Each structure stands twice: as structure tokens, then as C-alpha cells.
2 protein chains.
Amino acid sequence: MQVTMCPERAIMEHVTSKWGVLVLQVLHDGSSWRFSDLRRELQSVVSEKMLTQTLRTLERDGFVHREVYPVIPPHVEYSLTPLGKGAAHHLVALASWIGEHSAEVTESQERYDMS
Amino acid sequence: MQVTMCPERAIMEHVTSKWGVLVLQVLHDGSSWRFSDLRRELQSVVSEKMLTQTLRTLERDGFVHREVYPVIPPHVEYSLTPLGKGAAHHLVALASWIGEHSAEVTESQERYDMS
DNA sequence: CTGTATCCGCCTTGATACTG
DNA sequence: CAGTATCAAGGCGGATACAG
């Protein structure tokens with residue numbers, strides 16, 4: 001495996017970043033989200049700064065489309081590009097697999113903590 | 001989406017952690033790896049401490065099996081459990097997708113940095 | 001509303017030394 | 001060989017203020 005900091009690993013770190021994972025999952029429903037709606041959906045566990053930073057990185061990678069409506073007050077919508085849908089698809093598959101197996105993991109953790 | 005710190009999100013963060021991603025990918029070949037061989041494979045980009053920490057977390061979650069041979073000098077082998085293979089499978093799928101699309105991402109980045 | 005800029009605390013990470 | 005312990009440093013992330 002190529003493990004030095006190659007482009008692939010950098011991209012992987014963007015996609016699997018703490019907030020990137022959540023953003024991609026939310027956007028995966030296919031619709032557009034306003035900045036503040038995204039924040040609300042993430043129940044404010046993410047700060048504005050980190051949400052912005054995450055969205056910028058994903059936009060730069062071509063995963064997220066940022067549509068700005070030049071009105072006052074500002075109106076910006078985020079959605080997945082076709083490329084982003086591909087990445088999000090795998091992430092959602094992983095998340096769903098975890099959902100199906102979280103009980104096994106929790107049991108394993110309890111067994112581990114016991115001994 | 002459930003976004004408060006639920007078990008699922010914690011598990012996701014273990015799996016998608018910086019070193020967890022790499023370790024699961026390496027172990028995905030199905031064989032057992034000794035501690036120092038893992039370090040070598042990761043070309044020493046990971047410190048002993050973080051590798052240990054990562055392996056402990058994955059072992060606790062039931063993804064990694066740790067086999068200790070009580071000999072001197074110590075001999076320990078790490079491998080994936082059936083559960084771990086399931087998780088690693090999705091991770092490898094994502095990594096492979098990224099490999100196939102990294103050129104598109106790089107182009108997007110260059111376009112973004114241009115403007 | 002959608003950000004950017006700044007400051008700052010703290011946690012993760014890494015380096016080093018040491019142990020069984 | 002396979003770790004653990006300790007400590008230092010940097011960056012991540014949060015809070016706040018403010019701009020367009």
C-alpha cells in the first residue's frame with residue numbers, strides 16, 4: 001500500500017474527517033441545504049468555523065457544489081456534485097453497516113472492559 | 001440523522017480515524033501482522049504510541065484480533081475478526097473508489113486554486 | 001444570512017526514554 | 001520484540017466579534 005502522503009490519502013482524510021463524514025451523509029439525500037439548515041441538522045455539534053472549513057475543503061475537492069444567490073440577506077445552498085454522490089455513497093454504506101452491527105461492537109466493548 | 005454522540009458515531013470515528021483507516025486496509029489482506037511489521041508497512045509514518053492506541057481501540061470494538069505468543073522475545077500478531085472484515089471491506093471499497101477518481105479531484109482542486 | 005478574523009485553551013500527537 | 005510512561009509542542013476546534 002502507498003502510505004506516504006499521496007493525493008489519495010489526503011482525499012481519504014478529507015472524506016473521513018470528523019465533520020466531512022457527517023456533511024456528506026446529510027447531503028446524500030440529494031437536496032440542497034442552506035448553511036444554517038446544515039448547522040441545525042447537525043444539532044449544533046459543529047461550530048460555524050469547522051462547518052465552513054469542511055465545506056470549503058469538500059468544495060475544493062469537487063464533492064460539494066456551492067450555489068450563491070446574490071440577494072440580501074445572502075442565500076447560499078450546498079449540494080453534492082455527481083462526484084460527491086459517489087464518495088457519499090460509500091460513506092453511507094459504511095454508516096449503514098455500522099448501524100447494523102453496532103450491537104455486536106458494543107458487546108465486544110463491554111467484554112473487553114470487563115477483563 | 002442521529003448526530004448526538006451515539007454509539008454509531010463513535011464507532012464510525014474509530015473506523016475512519018487517521019490511523020484506523022490505514023490499519024484496517026493493511027489487515028484486509030487477511031493475514032496476521034506483527035506489531036513491528038505493521039509499523040514498517042506504514043513506513044513509520046505512525047508513531048508506536050498511536051499505532052498501539054489505534055490497535056487497542058479496534059480490538060476493543062471487536063474488529064481486530066490480538067494473538068499473544070508467550071515467548072521471549074515477545075511475539076504478538078494482529079488480524080481482522082469476521083466483524084473487522086466487514087468494516088474493512090467498506091473502507092477498502094471507498095479507498096479504491098478514491099483511487100479511481102483521484103485525478104478528477106486533483107483537477108477540481110487546481111481549478112479551485114486558480115480562481 | 002453567511003460568512004471571515006482573531007484569540008486561546010486543550011487535546012491529540014510525536015519524541016524520547018524506559019520496562020518486561 | 002512489544003510495548004508503557006512521560007513530557008513538550010502544535011494544531012484542532014470553540015467562542016467571540018465583526019463584516020458584507
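Chain identifiers are assigned alphabetically (A, B, ...) following the order of the sequence lines, protein sequences preceding nucleic acid strands; residue numbering begins at 1 within each chain. Values in this document were obtained by computation on a predicted structure and should not be read as measured data.
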Would you check if [X] and [Y] make a side-chain contact, meaning some heavy-atom pair closer than 4.5 Å?
X	Y	result
A:Ile11	A:Phe63	yes
A:Arg56	A:Arg66	yes
B:Trp33	B:Glu77	no

Next item on the list: Just jot down the side-chain hydrogen bond (donor to acceptor under 3.5 Å, both in side chains) partners of B:His28, sequence neighbours excluded, or say none.
Entry: none
Next item on the list: With sequence neighbours excluded, tell me which residues meet side-chain hydrogen bond (donor to acceptor under 3.5 Å, both in side chains) with A:His90.
Entry: none
Item checked: Interface residues of residues 71-79 of chain A with DNA chain C (non-hydrogen, below 4.0 angstrom) -> A:Pro73, A:Pro74, A:Val76, A:Tyr78
Next item on the list: Not counting sequence neighbours, list each pair that qualifies as a salt bridge (Lys or Arg N to Asp or Glu O under 4.0 Å) and has a residue in residues 101-115 of chain A.
Entry: A:Asp113-B:Arg60
Separation of atom [atom1] in [X] from atom [atom2] in [N], rounded to whole Å:
X	N	atom1	atom2	result
A:Tyr69	C:dG3	OH	P	13 Å
A:Trp33	C:dC1	CH2	P	16 Å
A:Leu55	C:dT4	CG	C1'	15 Å

Next item on the list: Grab the two heavy atoms, one from A:Leu58 and one from A:His14, that are nearest each other, plus how far apart they are.
Entry: CD2-O, 4.3 Å
For [X], all residues meeting side chain to side chain contact (heavy atoms under 4.5 Å, CB included), sequence neighbours excluded:
X	result
A:Glu100	A:Ser96
B:Ser17	none
B:Ser36	B:Arg40

If you restrict it to nitrogen or oxygen atoms, what contacts under 3.5 Å exist between nucleotides 9-13 of chain C and the protein, and what is each distance?
from   : atom 1 : to      : atom 2 : distance (Å)
C:dT13 : O4     : B:Lys49 : NZ     : 3.4

Notebook entry, point to check: Are A:Arg66 and C:dG3 close enough that a side-chain N or O sits under 4.0 Å from OP1 or OP2?
Noted result: yes
Notebook entry, point to check: Going 5' to 3' on DNA chain D, which nucleotide is the first and which the last to come under 4.0 Å of a heavy atom in chain A?
Noted result: D:dG13 to D:dG20
Check: Out of curiosity, B:Arg9 CZ to A:Gln25 CD, how far, rounded to the nearest 0.5 Å?
Finding: 9.5 Å
Note to self: I'd like to check the salt bridge (charged side-chain N to carboxylate O under 4.0 Å, His left out) partners of B:Asp29; sequence neighbours left out, ordered by chain and number.
What the structure shows: none
Notebook entry, point to check: How large an angle, rounded to 10°, do the end axes of the helix from C:dC1-D:dG20 to C:dG20-D:dC1 enclose when each is built from five base pairs?
Noted result: 50°
Item checked: ring-ring contact (aromatic ring centres under 6.0 Å, His included) contacts in which one or both residues fall within residues 67-87 of chain A, not counting sequence neighbours -> A:Tyr69-A:His75
